[in-house]
Amino acid sequence: PRGWVLSGMERGSPPPEGAATTMMIRNLPRKYTANALARELLEIVPSTQFDFVYLPWDSAAPTNLGYAFVNFIDVAAAERVRQAMDGQSWRLVQSLKVIRVLPAYIQGLKANMVHC
């Protein structure tokens, strides 16, 4: 499949510490939309700090799959969001799910556009 090897990094290998611009956000409430996720992000960084939001949707049910990928324009913006959101609760809905923000295996806007 597309995306197995990108920039010399094999799929399954996380990027080096402090080098990620693309983050995987896990434990999204199933009813969240990309717009709801963007509203959460905008509480932390301006819209100019991210250029890609991918929220996979379950075609059999009207829900997302519980995770999303967001590409930030630089490592500092990605880290700001990770530090602010990881381990926290969702603000827009009541949910017992705890937000997890992790470096994605596929990094960068171009690589994510090719993969999706």
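These numbers come from a predicted model, not from an experiment.
- Nearest heavy-atom pair across Val45 and Phe50 is CG2-CD2, 3.9 Å.
- Among residues two or more places apart in sequence or in another chain, the side chain to side chain contact (heavy atoms under 4.5 Å, CB included) test is passed with Asn35 by Thr33.
- In this structure, Asn64 contributes its side chain and Pro56 its backbone to no donor-acceptor pair below 3.5 Å.
- Pro103 and Gln107 make their closest contact through C-NE2, 4.3 Å (heavy atoms, listed as atom of the first residue, atom of the second, distance).
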Contacts under 3.5 angstrom, residues 89-96 side chains, donor-acceptor by atom type, not counting sequence neighbours:
residue : atom : partner : partner atom : Å
Trp90   : NE1  : Asn27   : O            : 2.9
Arg91   : NE   : Glu40   : OE1          : 3.2
Ser95   : OG   : Lys97   : N            : 3.1

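- Considering OH of Tyr32 and CG of Leu37, their distance stands at 8.0 Å, rounded to 0.5 Å.
- Side chain of Gln88 to backbone of Ile99: no donor-acceptor contact under 3.5 angstrom is found.
- If you take CG on Leu65 and CG on Leu55, they are separated by 8.0 Å, rounding to the nearest 0.5 Å.
- We find the CZ-CG distance between Phe69 and Leu102 to be 10.0 Å, quoted to the nearest 0.5 Å.
- In this structure the side chain of Val81 reaches within 4.5 angstrom of the side chain of Leu41, judged on heavy atoms.
- Residues forming a side chain to side chain contact (heavy atoms under 4.5 Å, CB included) with Ala77 (at least two apart in sequence, or on another chain): Gln49, Phe72, Asp74, Arg80.
- Residues that satisfy the side chain to side chain contact (heavy atoms under 4.5 Å, CB included) test with Ala84, not counting sequence neighbours, are Ile44.
- Looking at residues two or more places apart in sequence or on another chain, you find a side chain to side chain donor-acceptor pair (under 3.5 Å) between Asp86 and Arg100.
- Here the CD1-OH distance, from Ile25 to Tyr67, works out to 13.5 Å after rounding to the nearest 0.5 Å.
- In the hydrophobic cluster analysis, where Ile, Leu, Val, Met, Phe, Trp and Tyr join through side-chain heavy atoms closer than 4.5 angstrom, Leu42 is grouped together with Leu28.
- Within the structure, no pair that satisfies the salt bridge (Lys or Arg N to Asp or Glu O under 4.0 Å) test touches residues 48-67, not counting sequence neighbours.
- Hydrophobic clustering (ILVMFWY, side-chain heavy atoms < 4.5 Å, transitive): Ile73 and Phe52 are in distinct clusters.
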